[in-house]
Number of protein chains: 2
Amino acid sequence: MIKIDIANALMQTLPVSKATALQVVDLLTERMKKALLDGDRIEIRGFGVFEPRPRKRGLGRNIKTGQSVEIPKGKSIRFKPGKDLRDIDVE
Amino acid sequence: MIKIDIANALMQTLPVSKATALQVVDLLTERMKKALLDGDRIEIRGFGVFEPRPRKRGLGRNIKTGQSVEIPKGKSIRFKPGKDLRDIDVE
DNA sequence: GCCTCCATGATCAAGATCGATATCGCCAAC
DNA sequence: GTTGGCGATATCGATCTTGATCATGGAGGC
């Protein structure tokens, strides 16, 4: 599933054009990105929680050189699946 | 940021009512949930990728008893932040 | 609809992080 | 205001992450 699929799903349910649907998807992702970059966590009950958290790790590995490289900085965005997504069970 | 905030963001940009905005958010999350439960991965360039992956780990821990409990089965939904979200760097 | 562009995936190694279970409080959702 | 999903906690091992590069494909342009 890619952006277009989501837009199509939106079109199938609401009376919007594909262009508008794409705008919606793009807008929402952009807003979410901004919020996450701002350090704000996004919590959607029943879906999941996006949580920016500081990365404490400071060591990585470079293939080509094989040397340990220090992980410079950073946060990671962690997505914690909500109840509905944790409940998944296949075969 | 919670669902209402996302709906508000949508309202501020597109000419939709709050009720419609909420419908949109709810619809999209639901569709994404279904896709993920279906084993489909969701890839949005510049935002991130939701990928259902089988959990290979088989060990957990029970607080009250302190005993190792086998992690039954299931998948986890992994969210891999896209380029824009990985680029974050605070102080 | 097809082509082009650039982001994404996989890889190797080492070390840190996550996950699951259970309970209570809190806040998201209705 | 009510309901119930979610956070935190603890332990221990497996998974993930980070970096660079090539190939694939998401996404946008014509």
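If you're wondering where the values come from, they're calculated on a predicted model, not measured in any experiment. Chain identifiers are assigned alphabetically (A, B, ...) following the order of the sequence lines, protein sequences preceding nucleic acid strands; residue numbering begins at 1 within each chain.
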Using distance only, find each side-chain donor-acceptor pair of residues 9-18 of chain B under 3.5 Å and give its atom names and separation, not counting sequence neighbours.
{"residue": "B:Thr13", "atom": "OG1", "partner": "B:Ala9", "partner atom": "O", "Å": "3.4"}
{"residue": "B:Ser17", "atom": "OG", "partner": "B:Thr20", "partner atom": "N", "Å": "3.1"}
{"residue": "B:Ser17", "atom": "OG", "partner": "B:Thr20", "partner atom": "OG1", "Å": "2.8"}

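Note: CG (A:Asp5) to P (D:dA27) measures 9 Å, nearest angstrom. The CZ-C1' distance, from B:Phe79 to D:dT17, rounds to 15 Å in whole Å. The distance between atom CZ of A:Arg78 and atom C1' of D:dG7, rounded to the nearest whole Å, is 10 Å. Residue B:Leu22 contributes atom CG, which lies 12 Å from atom C1' of C:dA28 at whole-angstrom precision. Rounded to whole angstrom, the span from the CG atom of A:Asp40 across to the C1' atom of C:dA28 amounts to 14 Å. The separation between A:Lys18 atom NZ and D:dA27 atom P is 12 Å, rounded to whole Å. Between A:Ile2 atom CD1 and D:dG26 atom P there is a gap of 5 Å when expressed in whole angstrom units. Distance CD1 (A:Ile44) to C1' (C:dC30): 15 Å, rounded to an integer number of Å.
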Restricting both atoms to N or O, compile the protein contacts to nucleotides 5-7 of chain C shorter than 3.5 Å, with distance only.
{"residue": "C:dA7", "atom": "OP1", "partner": "B:Lys83", "partner atom": "NZ", "Å": "3.3"}
{"residue": "C:dA7", "atom": "O4'", "partner": "B:Arg45", "partner atom": "NH1", "Å": "3.3"}
{"residue": "C:dA7", "atom": "N3", "partner": "B:Arg45", "partner atom": "NH1", "Å": "3.3"}
{"residue": "C:dA7", "atom": "N3", "partner": "B:Arg45", "partner atom": "NH2", "Å": "3.4"}

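Listed nucleotides: D:dA27, C:dG9, D:dC6. Nearest to the side chain of B:Val49: C:dG9. For B:Glu43, the listed nucleotide lying nearest its side chain is D:dG26; candidates were D:dT18, C:dA29, D:dG26. Side-chain atoms of B:Arg53 lie closest to D:dT15 of the nucleotides D:dT18, C:dG9, D:dT15. When distances are taken from the side chain of A:Arg41 to each of C:dG19, C:dG9, D:dG7, the shortest belongs to D:dG7.
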| request: Please report the C-alpha distance between B:Arg41 and B:Val49 in whole Å, then the side-chain angles of each, then the deciding distance to 0.1 Å, and finally whether the side chain to side chain contact (heavy atoms under 4.5 Å, CB included) criterion is met. | output: CA-CA 7 Å; B:Arg41 76 177 221 173; B:Val49 179; 4.1 Å; yes
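Pairs of residues two or more places apart, or lying in two chains, that qualify as salt bridge (charged side-chain N to carboxylate O under 4.0 Å, His left out) and include a residue from residues 3-17 of chain B are B:Lys3-B:Asp26. Pairs passing the ring-ring contact (aromatic ring centres under 6.0 Å, His included) check and including a residue from residues 4-26 of chain A, sequence neighbours excluded, do not occur. Among pairs with a residue in residues 5-43 of chain A, none fulfils ring-ring contact (aromatic ring centres under 6.0 Å, His included), at least two apart in sequence or across chains. Counting only residues at least two apart or on different chains, no ring-ring contact (aromatic ring centres under 6.0 Å, His included) pair has a member in residues 20-43 of chain A.
In this model, the phosphate group of C:dG9 is approached by a side-chain N or O of B:Lys80 to a distance below 4.0 Å at OP1 or OP2. The side chain of A:Ser76 places no N or O atom within less than 4.0 Å of a non-bridging phosphate oxygen (OP1 or OP2) of C:dA16.
No option in A:Leu37, A:Ile44, A:Ile42, A:Leu27 other than A:Ile42 meets the side-chain contact (heavy atoms from CB on, under 4.5 Å) test with A:Met32.
Residue B:Arg53 holds its CZ atom at 9.5 Å from CD1 of B:Ile77, rounded to the nearest 0.5 Å.
For A:Phe47, the ring-ring contact (aromatic ring centres under 6.0 Å, His included) partners two or more places apart in sequence, or in a different chain, are A:Phe79.
One end of the helix from C:dG1-D:dC30 to C:dC30-D:dG1 points its axis 170° away from the other end's axis, with each axis taken from 5 pairs and the angle rounded to 10°.
The hydrophobic side chain of A:Leu22 is isolated, with no ILVMFWY side chain under 4.5 Å apart from it.
For the pair A:Asp26 and A:Phe47, both in contact range of DNA chain D, the more 5′-proximal nearest nucleotide belongs to A:Phe47.
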